[in-house]
Amino acid sequence: MPGRFHLGSEVSSAWWRFLSTFGLTPKRFHTLPGWQQRLGKLAVGGVIAFLIAIFVNVLEASFGATGSTSIFTFDSTAYLAFLVLGLIYVPEWSKVPLIGKIAIPLSALALAITFPYWAGHMFTIPIFGEFPSTETGVVMLVFVMMAVGLNIVVGYAGLLDLGYVAFYAMGAYTAAWLASTQFAGAKCPKPGFGIDNCPVATVPAVDFNLGGVGITPGIGGIHVSIWLILAAAGLLTALIGVVIGLPTLRLRGDYLAIVTLGFGEILPQIARNGNDLGGFNLTGGPQGITPVDSPGFGNNLSNWTGGFLPANYLTSPNSARVFYWTALALVGFTVFCSIRLRDSRLGRAWIAIREDEVAASAMGIPLMRTKTWAYACGAFFGGIAGAYFAAFKSSTFPQDFYFNISVFILCMVILGGMGNVWGVMLGAAFLTYLNQEGLANTGAWLNLHFGTHVDVPEYSGGIYGVIIVLVMLLRPQGLLPSARRKRELELGTHDEYLYDVETHDESLYVEPSEA
Amino acid sequence: MPLPVATQTSVDALPQRRRFRVSPVQVLACVFVGLIVFWLGANLIDDPTHFLDLFLVGLTIGMVYALIALGYSLVYGILELINFAHGDVFMLGGMMTVTLVGAFGLGASGNVLLWIVPMLVITAAFTGIMNTTIETVAYRPLRNAPRLAPLITAIGISFILQTVGLVWKGPAPVSIRDDILPNSEIFHIGKADMTWNQLIVFVVTIPTLLALVWLVQRTKSGKAMRAVAQDKDAAAMMGIDVNRTISFTFLTAGCLAGFAGVLYALFATNVQFDTGFRLGLFAFTAAVIGGIGNLPGAVLGAILIGLIENFNDGLTRFTPGSDWKSTIIFVILILTLVFRPEGLLGERTPEGG
């Protein structure tokens, strides 16, 4: 029996039962030539899209606001349905012809690099609205980086980390500490007081500059070059990951989830209350730390390369594009490391632990050390992403690091397909876009066409919840599953329970490799 | 490897020597407990009335937490699943109570005491059925999936329920009259007041806890629950309907959450859509402190958490204050899980909790 997930297999067997009444049994379908199968799937997709479109049109006719154009509704629903069905029928990578294997990644990379040029001139996507702006593109890339980092912990090593946002926060605050006037000694931690009449002791002024760009001389504080900060933030967060991991990683999976959740709640609270730690203003409290220095290469490097490397990102004429390309380079670095790690001895040890901890341990894999490495590697990329995001936004606030962000990143990993870097990237880019622009646009579309007054972004938590539950029930391997993970989920990791054994109709059997 | 003779002889000497051996963890624990005793003692001497007042409020809130913690403990005991959605079921119970207060016309005036029983019954039915539905729809299909799958689903359900609360009552906290339960004093302990609303909470929770003990220990369903918790396959072979028993457990847990929702809404007089998530985590901490799966432990842990929370919020000397509430409770959770994963009353298992 393929598929241990009953709801999914029930739906698929009901579907085949329906088709079998027309004489199309699974066996017959799978003996058809490939192009006929694909055509058949597309036809089914078209019919479903058509039905959805009619349904939406009927709904709109019943509730529709005046002034909405119904042809547009029809187009957009068909488009959406095709998109969804396209994602359902993603072909297996091993079956893609060689030319596609070369052309698809190259064109995807080219599209990603040229994104700031073409995104602004594209047509409007139905329902979702405009293409994301370059600024949203930067945020998307930062979250892609974080999701790829979390994928190392959750997807490879199978350790559920519900406090990943703590690493993100650590990275952001590292950047803020090392590249701002936070320690210039010119601020009073109590609001409403100046430095002269401050009731609590202030920090002695620090004035340190190591490659910071665009610094007014004499402004004080620590100003380190962003490139050093990225490395420092990554290493520091990796260290924090080890410190958090060492006592907790011997706990079983679900306890580990709770402990990481605890850390994910504690760190933002420290950030929020950290403006008066015995009179010492560490984190700026709810006001956060702002401004954080702009990234940049400085005037010398900029002149030497003829302006190719910008001296200062924020004052650069095409600031958003420069931020975007830098983020893209960082994502490239993250993905490269992630894939190399996965295929390394360490990565194989992670996967072995995920699949069976006891067997892995019996084969001589040191459990604690391997798990701690997974934590450190995941935290490293989270820290880099956080530091870059702080530099991009030029600020750090504690409310950017609440628990729902952790779940949001987890949702990306699950939607994309745990363990598969490409799937996770897709999931992260899509969900971040939804969070930044998509939900607001969709809400506006809904309100226009159905005469409702729903503030859709307010309910984003519920939307992620629905995505998580639906993915876990219907497609637990995610949109783009990793081959290994898919097999693991289909065949299960332990014995079938006695009380859940069901009888299955052999005539409905679908070969897993062909389905 | 042959056993060295030296080891053989030292085996006899071991029991006597072990009696005096103290591990660093125990020393740290003693220091920690000592600090807490010092903190509480200093505050007690400072202002005994205030201290006793806080103690009573903490005890009352602790009893409400106990009802939630028992729900976590029951479900964890039987399914080894941290039901993240449980706190949000409790929150929806609180929202239901607020609605019922309006529906029974108790918003302006009226004797709430007459209506408290129907309120408990309706809310418990609502949350019990909701919890069972969640189990059937979301957790049952994942019974054979890898362990993380139902856990992740539970987080998703938790977010969905929070959004249900958000849509139902809006983002602002919904409050009811703060004298919905009479809060005049009944009697004094020293100078501290035992008030009516505290008494009502005790009058509801204590029989509920006793009824739960009776249900689990004495009834056939309770026996089935314990059997399934021990070994699902063996229970199935003995003719127990495992799925039905699990549903029954979720029903029981949901009813407890409903009771807690009514009492919390009437006692604290305001509920917000994220109340359940926060208090759910506190209650889960309580269940872990007491030893998860252990019912008396959950009650003990809940009372401890209730006391710690209220002492931290209300005391004045050497007290971090409510800004640090989650930090303190989560530090306690982490320390418990790291140093004593079996909890205060639990038994050590080979898996380490």
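Protein chains get the first letters and strands the later ones, always in sequence-line order, with residue 1 at the start of each.
Atom OG1 of B/T127 is separated from atom CE of B/M95 by 14.0 Å, given to the nearest 0.5 angstrom.
Aromatic pair B/F277/A/F403: centroids less than 6.0 angstrom apart. A distance below 6.0 Å separates the ring centres of B/Y72 and B/F284.
Contacts between A/L261 and chain B at a heavy-atom distance below 4.5 Å involve the side chain alone, from C-beta outward. Neither the backbone nor the side chain of A/I467 comes within less than 4.5 Å of any heavy atom in chain B. Only the side chain of B/L281 comes within contact range of chain A, with heavy atoms under 4.5 Å apart. Only the side chain of B/L151 comes within less than 4.5 Å of a heavy atom in chain A; its backbone stays farther off. Contact of A/I266 with chain B is made through backbone and side chain together, with heavy-atom distances under 4.5 Å. Interface residue B/L333: only side-chain heavy atoms are found under 4.5 Å from chain A. Residue contact with chain A, scored on non-hydrogen atoms closer than 4.5 Å, is absent for B/V164. At a 4.5 Å heavy-atom cutoff, the contact between B/I155 and chain A is made by side-chain atoms alone. Both the backbone and the side chain of A/Y459 come within contact range of chain B, each with at least one heavy atom under 4.5 Å from a heavy atom of that chain. Proximity to chain B (any heavy atom under 4.5 Å) is shown, for A/V259, by both the backbone and the side chain.
Inspection of the B/E309 and B/Y65 side chains reveals an N or O donor paired with an N or O acceptor under 3.5 Å. Checked by atom type, the side-chain pair A/Y464/A/N404 shows no donor-acceptor distance below 3.5 Å.
The greatest number of non-hydrogen atom pairs below 4.5 Å with chain B, out of A/I270, A/V466, A/T248, A/N273, is found for A/N273.
Put simply, the residue from B/K232, B/E135, B/R143 that forms a side-chain hydrogen bond (donor to acceptor under 3.5 Å, both in side chains) with B/N243 is B/R143.
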Apply side-chain hydrogen bond (donor to acceptor under 3.5 Å, both in side chains) to B/R140 and B/S247, showing your working.
CA-CA 9 Å; B/R140 186 172 296 176; B/S247 288; 2.7 Å; yes
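With salt bridges taken as basic N to acidic carboxylate O contacts below 4.0 Å, one links A/K371 and A/E357.
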